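A quick write-up on the structure given underneath.
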Amino acid sequence: MANKEETTKVENILTRQDAKIPEGPLAEKWSNYKAHQKLVNPANKRRLDIIVVGTGLAGASAAASLAELGFNVLNFCIQDSPRRAHSIAAQGGINAAKNYQNDGDSVYRLFYDTIKGGDYRAREANVYRLAEVSNNIIDQCVAQGVPFARDYGGLLDNRSFGGAQVSRTFYAKGQTGQQLLLGAYSALSRQVGKGTVKLYARYEMLDVVIIDGRARGIIARNLVTGKVERFFAHAVVVGTGGYGNTFFLSTNAMASNGSAAIQMYKKGAYFANPAFAQIHPTCIPVHGDYQSKLTLMSESLRNDGRIWVPKKKEDAEAIRAGRLKPTDLKEEDRDYYLERRYPAFGNLVPRDVASRAAKERCDAGFGVGNTGLAVYLDFSEAIDRLGENVVRARYGNLFQMYEKIVDDNPYKTPMMIYPAIHYTMGGIWVDYELQTSVKGLFCIGEANFSDHGANRLGASALMQGLADGYFVLPYTIQNYLADQIRVPRISTDSKEFDEAEKAINDRINKIMSIQGKYSVDHLHRELGLIMWDYVGMGRTAEGLKIGLEKIAQVRKDFWTNVYVPGNADNLNVELEKALRLADFIETGDLMARDALLREESCGGHFREEYQTPEGEALRDDDKFAYVSCWKYKGEGQEPELVKEPLDYEFIVRQQRNYKA
Amino acid sequence: MEKSLNLTLKVWRQAGPKAKGSFETYKVENISTDASFLEMIDILNEKLIGDHKEPIAFDHDCREGICGMCSMYINGHPHGPDGEITTCQLHMRNFSDGETITIEPWRSAAFPVIKDLMVDRSAYDKIIQAGGYVSINTGGTPDANAIPISKVNADEAMDAASCIGCGACAAACKNGSAMLFVSAKVSQLALLPQGRVEAAHRAKAMIAKMDELGFGNCTNTGACEAECPKNVSISHIARMNREFLGAKFKD
């Protein structure tokens, strides 16, 4: 018996071999890998098809690079054009270890900052490789004509970002994501023009097709005609972004969804660290129950803005009722709570800390705005110190955006802000080759779990998306495809495709036939509120258990009482949303489950039971220094936990401290 | 201060590309002046769904003015009456109580209607595929600081590159010309040494594709610049014309 138990236990552990981490010193792992990996020769590349789903930074850069190498690429995007993927909305910048500022940066330092920023929950080898290729990304983008900011000497300019002591962030005004995406889009467009990439716009992936244990294609729905179609490839790459819209309100785009991840999960790919989601502290607050999304205000504002709420509850009440203006409140009646709690870092504490502190004040009854769920970000002191013109030069475009949305002039009255879901660090588990636990199925960009641990630093998402697509996947996928050169193109009339398409049509028909009383948005808002209340910034075992029950109720309401108008063999936006919501419900369940399991606080995951006496996150490295991977066991079954231990060979873990 | 509005909407409904479309009139009530225009449409759609009617199809995604997906001709203006913003950033405080608002899709020969307010803008992608890039592969590029670029040129390239490809310029143009869109890309890459190498070929290829796809000619009315949500300047059209003519003279 004892023996049997031990065998089961071993099965649930992913070793370094499972993760395919190369041998050798940290700095040599990627070189060693590349020196020994298998390659595919040019004549064979022409015979191999690769599906890339998604056209964001990861998807577009991968599709373009693979096509340049000579593979046949089929590239899918949900929008009307690949240029509209949500990477376009990233504002701040992209990190790289160029050390152009001569301020002591290096590949090692970027690696170290990223591991530490992730609260020691990322894989060392992956993060080191990310730092290593960061410099190639900048070279690549400049060669494409990306108009990065420059100084008067004509060389590239840099900014500082949170979590670093050096200036290593490259930027293009407040539109860095847009410019990097348009660079990747131009490279992709060049290949589309050459016919090496076949582009499928307004298509949505609905399932991955597995033949003999390997990913061999996808089922996708043409969103214009409603037709469900089949596509074969020798390998499938998914770069469909994060699952932040589980919360309904987030900074993500309306069509951003986690469905591809759930499809992969249900076909055997592990879902890793689903609980790790980043809540960004400076977003424009919710202003009504009709609200459809939340808009981010750049982290850079916290350099000069001071965050506060009224010191007295009666003042907060008067402000909420519109009887008192924030500018009427005397200095001594204001509580600059970040400066009070974190004298050393003040308003520049990391995102997770700032978000939790805002929630704490609002929950205690000191929030402002008509909902009471907002705090002030005040520039009056900066305007007195620097003058309005300097503030305008630094933040003018953000102030304009704020004024258009809120109709308040932030030069005259403080901005109101509140935290919102922004980015998901968790995602599909991948090995060092970015391959999931299903052979031939790869996952890149925000959709995978790989590089950010429990918290992502600013300007690192763009870096990871492009690293995966330009410089990692085009190498590692060949190590897989080298064994596939004898595999002929498989007909999409095969029984596996038949079955996959039938399952999709059954699911669609089931949803269409319910004809209940709730709209999709109604149920999605309900799910969002549950997520925010029980699986949001402050989590407890008790709350998570309630959350799981409530999510189960939403699942039941959805499958018995959703209403989708129109029919399925046509353009039907409500049906698209319904299919995504069904998967968000499963994602929400996984997030709550994972958060309940992880009895520690780290990065964006804060369990109220596990905090220091000062209210800071308390990690438990003895028990939880691992990646929690969830394995699908069938509908209605509990998923199984698989652990990948994070044995740090090169770095010593420490507790983060922002007070002194 | 937040108020609420009662409005009459005249919305273009068209079942499909080949179907005959027409205006439908809807009443919406108690719309907050703090709601965005698209949120107002969301509210109307929820009401239509509640009445078991088909909601209005429209394009939208990021809802923060950068993806370029939202369109809509509102009271005769692409992206509505407010300046320097996309439809998703337009807020209801720009309208008054009791007003009738007319909402149409982009109307341009090269942007056929898909359904209701949704149009097909893939023509813009095809123009970029014809030459809107620098012909380099991944890897093997020189160090990013190897070629200094004057700040003036870099900044002007950035202004041109801020185009979001929404199609408002062609929709606003009485000739249905895509010159502002095409010139923004030609100009961005012509201003940078990396793009200079292929500048002549690029201008010719992109303009030829634009003509082929059924966009009209430019007669310098400036409507494109006035309606561009990102303030892309028509001076880029002048630069593209110089590139194009220079290339043609060399031929």
Side-chain angles (χ1 to χ4, degrees), chain A residues 64-65 68 79-81 83-84 86 88-89 98 100 136 138-140 142-145 147 149-156 172-173 175 178-179 182 185-187 189-190 192-193 201 224 253-255 287-288 290-293 295 401 404-405 407 470-471 474 519 521 563 565-566 571 573-574, chain B residues 2 32 34-36 38-39 42-43 46 49-50 52-55 57 59-69 85 89 91 93 114-115 120-122 124-125 128-130 132-139 141-145 148-151 154 157-158 161-162 165 188-189 192 194-195:
Chain A
S65 302
E68 287 161 7
Q79 294 90 355
D80 70 334
S81 163
R83 66 180 293 150
R84 310 208 197 281
H86 196 53
I88 201 135
K98 282 284 193 186
Y100 282 159
N136 302 99
I138 304 303
D139 298 343
Q140 186 66 31
V142 166
Q144 288 168 344
R150 289 174 183 271
D151 59 28
Y152 285 96
L155 301 184
L156 292 162
K173 280 194 174 169
Q175 292 138 264
Q178 180 199 25
Q179 293 311 314
L182 294 181
Y185 164 73
S186 73
S189 296
R190 176 169 163 248
V192 175
V224 175
M254 304 304 285
H287 51 71
Y290 49 81
Q291 187 138 3
S292 58
K293 89 151 258 160
T295 304
M401 199 199 302
K404 288 282 183 193
I405 294 173
D407 200 26
Y470 283 134
F471 297 110
S519 73
D521 277 4
Y563 173 71
L571 190 152
V573 177
E574 289 300 306
Chain B
E2 185 185 351
S32 163
D34 282 350
S36 76
L38 296 187
E39 284 165 353
D42 290 341
I43 292 169
E46 280 293 289
I49 293 165
H52 286 206
K53 288 180 183 151
E54 204 161 332
D59 270 324
H60 62 104
D61 199 24
C62 78
R63 295 209 178 188
E64 51 186 276
I66 195 76
C67 76
M69 187 115 177
I85 51 166
Q89 295 172 296
H91 278 68
R93 66 183 74 94
I114 293 172
K115 186 177 182 177
D120 179 355
R121 284 169 288 192
S122 56
Y124 269 15
D125 288 321
I128 298 292
Q129 287 155 17
Y133 46 77
V134 177
S135 297
I136 50 137
N137 287 350
T138 300
T141 52
D143 184 86
N145 260 348
I149 300 171
S150 89
K151 183 170 166 54
M158 177 61 217
S162 63
Q188 174 205 340
L189 296 178
L192 301 170
Q194 291 83 2

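Note that the coordinates shown come from a computational prediction; the quantities given were computed from them, not determined experimentally. Numbered from 1 within each chain, the chains take letters A, B, ... in sequence-line order.
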Check your understanding: In terms of heavy-atom proximity below 4.5 Å to chain A, should B/A161 be classed as side chain, backbone, both, or neither?
Key -> both

Point to revise | Under 4.5 Å from any heavy atom of chain A - which part of B/I114 | key: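 Side chain only.
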
Can you tell which of [options] has the highest number of heavy-atom pairs within less than 4.5 Å of chain A?
{"options": "B/G139, B/C62, B/A154", "result": "B/C62"}
{"options": "B/P142, B/G195, B/G50, B/A130", "result": "B/P142"}
{"options": "B/V134, B/N137, B/L192", "result": "B/N137"}
{"options": "B/D59, B/L189, B/L38", "result": "B/D59"}
{"options": "B/S135, B/G132, B/G65", "result": "B/S135"}

Do [X] and [Y] make a side-chain contact, defined as non-hydrogen atoms from C-beta onward lying under 4.5 Å apart?
{"X": "A/I405", "Y": "B/H91", "value": "yes"}
{"X": "B/C67", "Y": "A/H86", "value": "no"}
{"X": "A/D521", "Y": "B/D42", "value": "no"}
{"X": "B/R63", "Y": "A/S292", "value": "yes"}
{"X": "A/Y290", "Y": "B/E46", "value": "no"}
{"X": "A/K293", "Y": "B/H60", "value": "no"}

Is chain B contacted by the side chain of [X], its backbone, both, or neither, given a heavy-atom distance below 4.5 Å?
{"X": "A/A201", "value": "neither"}
{"X": "A/E574", "value": "side chain"}
{"X": "A/Q144", "value": "both"}
{"X": "A/P565", "value": "side chain"}
{"X": "A/Q140", "value": "both"}
{"X": "A/L155", "value": "both"}

Distance-minimising heavy-atom pair for [X] and [Y]:
{"X": "A/Q291", "Y": "B/E39", "answer": "CA-OE2, 3.6 Å"}
{"X": "A/L156", "Y": "B/A144", "answer": "CD1-CB, 3.5 Å"}
{"X": "A/R190", "Y": "B/I136", "answer": "NH1-O, 2.9 Å"}
{"X": "B/I66", "Y": "A/Q175", "answer": "CD1-CG, 4.1 Å"}

**Study point:** B/Y124-A/S81 side chain donor-acceptor pair, cut-off 3.5 Å
**Key:**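 There is no such pair between these side chains.
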
Point to revise | B/E64 side chain to A/T295 side chain, donor-acceptor N/O pair below 3.5 angstrom | key: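 Side chains of B/E64 and A/T295: no pair found under 3.5 Å.
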
Point to revise | Qualifying residues under salt bridge (charged side-chain N to carboxylate O under 4.0 Å, His left out), relative to A/K98, sequence neighbours excluded | key: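 Testing A/K98 for salt bridge (charged side-chain N to carboxylate O under 4.0 Å, His left out), a comparison that skips the adjacent residues, returns A/D139, B/D143.
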
Got a donor-acceptor contact below 3.5 angstrom from the [X] side chain to the [Y] backbone?
{"X": "B/Q188", "Y": "A/G145", "result": "yes"}
{"X": "B/Q89", "Y": "A/M401", "result": "no"}
{"X": "A/K404", "Y": "B/I85", "result": "no"}
{"X": "A/R83", "Y": "B/D125", "result": "no"}
{"X": "A/Q79", "Y": "B/M69", "result": "no"}

Check your understanding: Charged N to carboxylate O below 4.0 Å: is that the case for B/R93 and A/D407?
Key -> yes

Point to revise | Spacing of A/S186 atom OG and B/I128 atom CD1 [to the nearest 0.5 Å] | key: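 So the OG of A/S186 and the CD1 of B/I128 are separated by 8.5 Å.
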
Exercise for review: Nearest 0.5 Å please: distance from the CZ atom of A/R150 over to the OG atom of B/S150.
Suggested key: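 A/R150 CZ to B/S150 OG: 9.5 Å, rounded to 0.5 Å.
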
**Study point:** Leading residue by heavy atom contact count with chain B [cutoff under 4.5 Å; candidates A/A187, A/A255, A/G154]
**Key:**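 Looking at each of A/A187, A/A255, A/G154 in turn, A/G154 comes out on top.
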
Review point. Of all residues at least two apart in sequence or in a different chain, which pass the ring pair (Phe, Tyr, Trp, His ring centres under 6.0 Å) check with A/F471?
Key: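 Applying ring pair (Phe, Tyr, Trp, His ring centres under 6.0 Å) to A/F471 gives none.
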
